[in-house]
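Take a look at the structure set out below.
By convention in this document, chain letters (A, B, ...) are assigned in the order of the sequence lines, proteins followed by strands, and residues within each chain are numbered from 1.
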2 protein chains.
Amino acid sequence: MKKQGADILKQSALSITASRKDILDIFLASSSALAHQDIELKCSDKFDRVTIYRTLQTFLDKGIIHSIPTTENAVKYALCKDECIVSGHHHDNHVHFLCDACGITICLEEVVVPQVKLPKGYSLKDINMVVNGTCKKCKA
Amino acid sequence: MKKQGADILKQSALSITASRKDILDIFLASSSALAHQDIELKCSDKFDRVTIYRTLQTFLDKGIIHSIPTTENAVKYALCKDECIVSGHHHDNHVHFLCDACGITICLEEVVVPQVKLPKGYSLKDINMVVNGTCKKCKA
DNA sequence: TGACATTTGCAACAAAGTTGCAATCTCCAT
DNA sequence: ATGGAGATTGCAACTTTGTTGCAAATGTCA
């Protein structure tokens with residue numbers, strides 16, 4: 001059986017409400033990362049804008065989704081895999097891809113972020129790697 | 001002699017105006033990347049908010065500055081080095097560092113972004129790498 | 001089922017970004 | 001050096017995005 005929004009909520013010890021379920025299902029049904037606006041367009045008829053903000057924030061806090069910064073000044077969100085949380089600390093280690101043609105953002109789960117060596121004095125906690133280019137569908 | 005804002009404008013074939021010079025000088029005097037707001041705080045008494053938006057956009061278009069996406073939903077800008085533009089195409093190849101403690105964002109010019117191999121079908125144009133951690137000054 | 005805590009929607013607000021237009025400034029040819 | 005064409009700026013009005021407080025509604029668990 002396919003994973004449902006409700007299952008994820010139980011796992012994270014969150015109360016199960018219509019908005020949370022629906023928003024999670026939108027993520028589960030999407031193959032790409034979503035901006036706040038994408039979600040708003042899909043369910044602003046059902047839920048208040050404020051609820052969407054708060055729900056996304058809750059999901060971030062619980063490590064259910066992670067945020068992907070993009071150069072276009074629009075943060076997008078995508079579901080985390082289970083392995084994403086290591087000993088209470090959220091940890092993404094895959095590369096994100098942003099298509100310049102269609103604007104889609106996706107997690108390349110199979111591409112691991114390479115390590116880098118920082119200059120003396122800097123301590124490293126997290127690496128974020130976003131690749132721009134053309135995706136499969138948009139390839140000329 | 002130190003490079004001045006006006007020199008950069010000439011190089012880029014932009015007309016020399018007070019706002020462009022001043023904003024470039026702010027970048028030249030700063031050792032870290034700046035958000036729109038940082039610039040606004042420094043010169044909103046002299047220039048209109050709209051002018052700052054338009055000036056930053058012009059600099060981006062001409063490849064004078066590059067934008068750095070951060071997880072906090074605040075794009076920052078930093079001056080490009082001359083080598084940044086290769087055959088008309090802007091090309092950053094260094095890592096950016098964002099300090100979780102003081103929030104400073106800097107270009108680590110000496111740390112080159114490692115290459116990654118994308119899955120079949122994807123074409124790569126640009127890579128953006130932002131490292132989070134603690135900077136020299138904030139180190140415990 | 002019922003009480004309690006959590007979540008939601010509403011309203012009002014604050015901040016960030018955009019657009020059109022008239023006034024001003026730059027640049028270049030004379 | 002000057003004048004005019006074209007680019008740039010400031011202003012005003014507006015849209016979009018994000019935040020906060022509070023009362024009503026909903027979910028959880030005994």
A:Y53 side-chain proximity, nearest of C:dT6, D:dG18, C:dT18
D:dG18
DNA chain D contacts made by residues 17-26 of chain B, counting heavy atoms under 4.0 Å:
B:T17, B:S19, B:R20
Residues in residues 37-44 of chain A with a heavy atom under 4.0 Å of DNA chain D, by number, are A:Q37
Donor-acceptor under 3.5 Å (B:T58 side chain, B:R54 main chain):
yes
Could you tell me whether the side chain of A:D22 and the main chain of A:S19 form a donor-acceptor pair under 3.5 Å?
no
[X] [atom1] to [N] [atom2], straight-line distance once rounded to whole Å:
X     : N      : atom1 : atom2 : result
A:I52 : D:dT17 : CD1   : C1'   : 13 Å
B:D48 : C:dT24 : CG    : P     : 15 Å
B:F47 : C:dT24 : CZ    : C1'   : 14 Å
A:K46 : D:dT26 : NZ    : P     : 16 Å
B:K10 : C:dT26 : NZ    : P     : 14 Å
B:Q57 : C:dT18 : CD    : P     : 8 Å
B:L56 : C:dT18 : CG    : C1'   : 15 Å
A:L14 : D:dG27 : CG    : C1'   : 12 Å

Please confirm whether any donor atom in the side chain of A:R54 sits under 3.5 Å from an acceptor in the base of D:dG18, or the reverse.
no
On the side chain of B:R49, is there an atom forming a donor-acceptor pair with the base of D:dG10 - under 3.5 Å, no angle test?
no
Hydrophobic cluster of B:I68, others only, ordered by chain and residue number, side-chain cut-off 4.5 Å:
B:L98, B:V130
Between A:Y53 and A:H36, ring centroids under 6.0 Å
yes
Quick check on DNA chain D: between B:S15 and A:I16, whose nearest nucleotide comes earlier from the 5' end?
B:S15
Between the side chains of B:Q57 and B:D61, is a donor N or O closer than 3.5 angstrom to an acceptor N or O?
yes
Side-chain donor-acceptor pair present, B:T105, B:S32, cut-off under 3.5 Å
no
Determine whether A:V112 and B:M129 fall in the same hydrophobic cluster, where Ile, Leu, Val, Met, Phe, Trp and Tyr are linked whenever their side-chain heavy atoms lie under 4.5 Å apart.
no
Does some side-chain heavy atom of A:F59 sit less than 4.5 Å from a side-chain heavy atom of A:L9?
yes
Within the structure provided, determine whether B:S12 and B:I64 are in side-chain contact (heavy-atom separation under 4.5 Å).
yes
